[in-house]
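What follows is a short report on a single structure.
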Amino acid sequence: DILNIEKGALTMEQKPQTPNPSIGYDDTPMLPGSTWRVHDGRRPQPKVVTPGTASSQEKAGQPPLDAIVLFDGKDITRKKPYEITRMRIARTFQNIRLFSNMTVMENVMVGLHTRSKEGLIAAIAKTKNFLKEEAEIKSKALEFLEFVGIDDYAGSLACNLPYGDQRRLEVARALAAEPEILLLDEPAAGMNPQETGELMKLINRIKEWGKTVILIEHDMKVVMGICDYIFVLNFGKLIAQGTPADIQANEAVIEAYLGR
């Protein structure tokens with residue numbers, strides 16, 4: 001398959017020269033021969049979607065099976081994670097991956113440093129421009145923490161945050177990288193109902209900000225509550241796609257989830 005992200009529009013289509021194209025894990029195919037598209041928030045198109053499941057290999061910098069990933073017409077399949085981040089694609093992880101022994105503020109500063117102009121020599125020498133930029137980065141980091149609602153913990157170690165707030169911190173760090181496309185890998189995993197509700201409000205605020213969000217999630221309340229367009233997979237096969245209302249009325253989805 002070909003995964004194509006063009007100026008915020010993401011498309012996965014069949015690769016003509018591949019007899020049986022698919023993305024998957026080992027022997028389990030995902031999205032075999034299917035096509036799907038996501039438009040960015042600047043257009044009157046879906047802003048938040050969920051493909052139900054997808055290959056985290058690609059997002060972690062490991063190319064998915066039989067797939068090519070294009071961004072703005074350029075092949076980024078084998079790009080390193082930091083190179084993909086520079087292209088304004090950011091992600092969170094299913095299993096939280098924070099810098100546990102750094103403060104909450106410092107974790108967000110890591111995201112902002114992907115856009116910093118001053119280099120290593122300036123940092124070692126602590127030049128005037130470096131110190132000025134660091135002050136600006138700290139100020140912006142606090143703004144992102146305020147946006148996700150955890151600015152009170154700015155000076156705390158990330159490992160001391162409650163579970164739900166660690167999730168929020170991951171989102172803040174990803175947003176700090178100034179992405180056009182934000183990938184959220186099961187963000188509601190392990191959350192209690194209150195935390196899940198707060199997460200849904202946060203993602204809706206990100207939508208209002210004009211960001212394109214691609215969500216992989218199994219919590220149907222989250223999916224139906226915040227997604228504009230949904231792709232449903234059953235054993236790796238795309239069985240339905242459409243708005244939440246379309247999915248709720250889809251016979252194939254009802255049979256897959258409830259049986260006959």
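For the numbers below, each heavy atom of this structure counts, side chains included, while hydrogens, waters and symmetry mates do not.
In this structure, Leu215 and Ile226 have side chains that are in contact, with non-hydrogen atoms separated by less than 4.5 Å. Counting heavy atoms from C-beta outward, Ser139 and Glu143 have side chains that approach closer than 4.5 Å. Contact of the Leu238 side chain with the Val232 side chain is not registered, since no non-hydrogen atoms from C-beta on lie closer than 4.5 Å. Within the 4.5 Å cutoff, no side-chain heavy atoms of Asp228 are placed close to those of Thr243. In this structure, the side chains of Val110 and Met102 come closer than 4.5 Å at one or more pairs of heavy atoms. Contact annotation: the side chain of Leu183 never approaches that of Thr92 to less than 4.5 Å [non-hydrogen atoms, C-beta and beyond].
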Verdict with reasoning, Ser156 to Thr103, per side chain to side chain contact (heavy atoms under 4.5 Å, CB included): CA-CA 5 Å; Ser156 302; Thr103 67; over 6 Å; no
Trace of the side chain to side chain contact (heavy atoms under 4.5 Å, CB included) decision for Met224 with Ile230: CA-CA 9 Å; Met224 291 296 178; Ile230 301 169; 4.0 Å; yes
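Looking at every heavy atom in both residues, Leu112 comes nearest to Ala141 through CD1-N, 3.4 Å. A pairwise comparison of heavy atoms in Ala176 and Val108 identifies CB-O, 3.6 Å as the closest pair. Of all the heavy atoms in Ala252 and Ile239, the pair that sits closest is O-CD1, 3.9 Å.
Atom OH of Tyr153 is surrounded by 12 or fewer heavy atoms from other residues, nucleotides or ligands within 6.0 Å. Heavy atoms from other residues, nucleotides or ligands lying under 6.0 Å from CG of Asn192 number more than 12.
To the nearest 0.5 Å, atom OG1 of residue Thr212 and atom CD1 of residue Ile206 are 11.5 Å apart. Taken to the nearest 0.5 Å, the OG atom of Ser100 stands 7.0 Å off from the CD atom of Gln166. To the nearest 0.5 Å, the span separating CD on Glu106 from CG on Asn101 amounts to 10.5 Å. Annotation: the span from Leu169 atom CG to Leu145 atom CG amounts to 7.0 Å, rounded to 0.5 Å. The line from CD1 of Ile121 to NZ of Lys126 is 13.5 Å long, rounded to the nearest 0.5 Å.
Between the side chain of Lys211 and the backbone N or O of Glu180 there is no donor-acceptor pair closer than 3.5 Å. Using a distance-only test at 3.5 Å, with no hydrogens or angles considered, no donor-acceptor pair links the side chain of Arg167 to the main chain of Leu199. Side chain of Arg115 to backbone of Ala177: a donor-acceptor contact under 3.5 angstrom is found. No donor-acceptor pair closer than 3.5 Å links the side chain of Glu198 to the backbone N or O of Glu195. Under the 3.5 Å distance criterion, the side-chain polar atoms of Glu170 are matched with a main-chain donor or acceptor of Arg97. Between the side chain of Glu217 and the backbone N or O of Ala188 there is at least one donor-acceptor pair closer than 3.5 Å. For Asn250 (side chain) and Ile247 (main-chain N/O), no donor-acceptor pair under 3.5 Å exists by modelled atom type. In this structure, Asn234 contributes its side chain and Lys237 its backbone to no donor-acceptor pair below 3.5 Å. Between the side chain of Asn204 and the main chain of Met200, a donor-acceptor pair closer than 3.5 Å is present. Without hydrogens or angle criteria, Arg88 side chain to Glu178 main chain gives a donor-acceptor distance under 3.5 Å.
Judged purely by distance below 3.5 Å, without hydrogens or angles, the side chains of Glu133 and His113 never pair a donor atom with an acceptor atom. Counted by atom type alone, Tyr229 and Gln241 present one or more donor-acceptor pairs between their side chains at under 3.5 Å. Of the N and O atoms on the side chains of Arg86 and Tyr82, not one donor lies less than 3.5 Å from an acceptor on the other residue.
Under the 4.5 Å side-chain heavy-atom criterion for grouping Ile, Leu, Val, Met, Phe, Trp and Tyr, Leu182 is connected to Leu98 within one hydrophobic cluster. Taken together through direct or relayed side-chain contacts under 4.5 Å among Ile, Leu, Val, Met, Phe, Trp and Tyr, Leu184 and Met191 form part of one hydrophobic cluster. Each of Met105 and Leu131 belongs to its own hydrophobic cluster when Ile, Leu, Val, Met, Phe, Trp and Tyr are linked at side-chain heavy-atom distances under 4.5 angstrom. Note: the hydrophobic cluster containing Met87 also contains Ile214 (ILVMFWY, side chain heavy atoms under 4.5 Å, direct or indirect links). Clustering ILVMFWY residues whenever any of their side-chain heavy atoms sit less than 4.5 angstrom apart, transitively, puts Phe99 in a cluster other than the one holding Met109.
For Arg173 and Phe144, the positive end is not near the middle of the six-membered ring at less than 6.0 Å and at most 45° from its axis.
For the pairing with Phe147, the side chain to side chain contact (heavy atoms under 4.5 Å, CB included) check across Val171, Leu142, Leu175 returns one residue only, Leu175. The one candidate from Asp152, Val148, Asn160, Ile150 that meets the side chain to side chain contact (heavy atoms under 4.5 Å, CB included) condition with Asp165 is Ile150.
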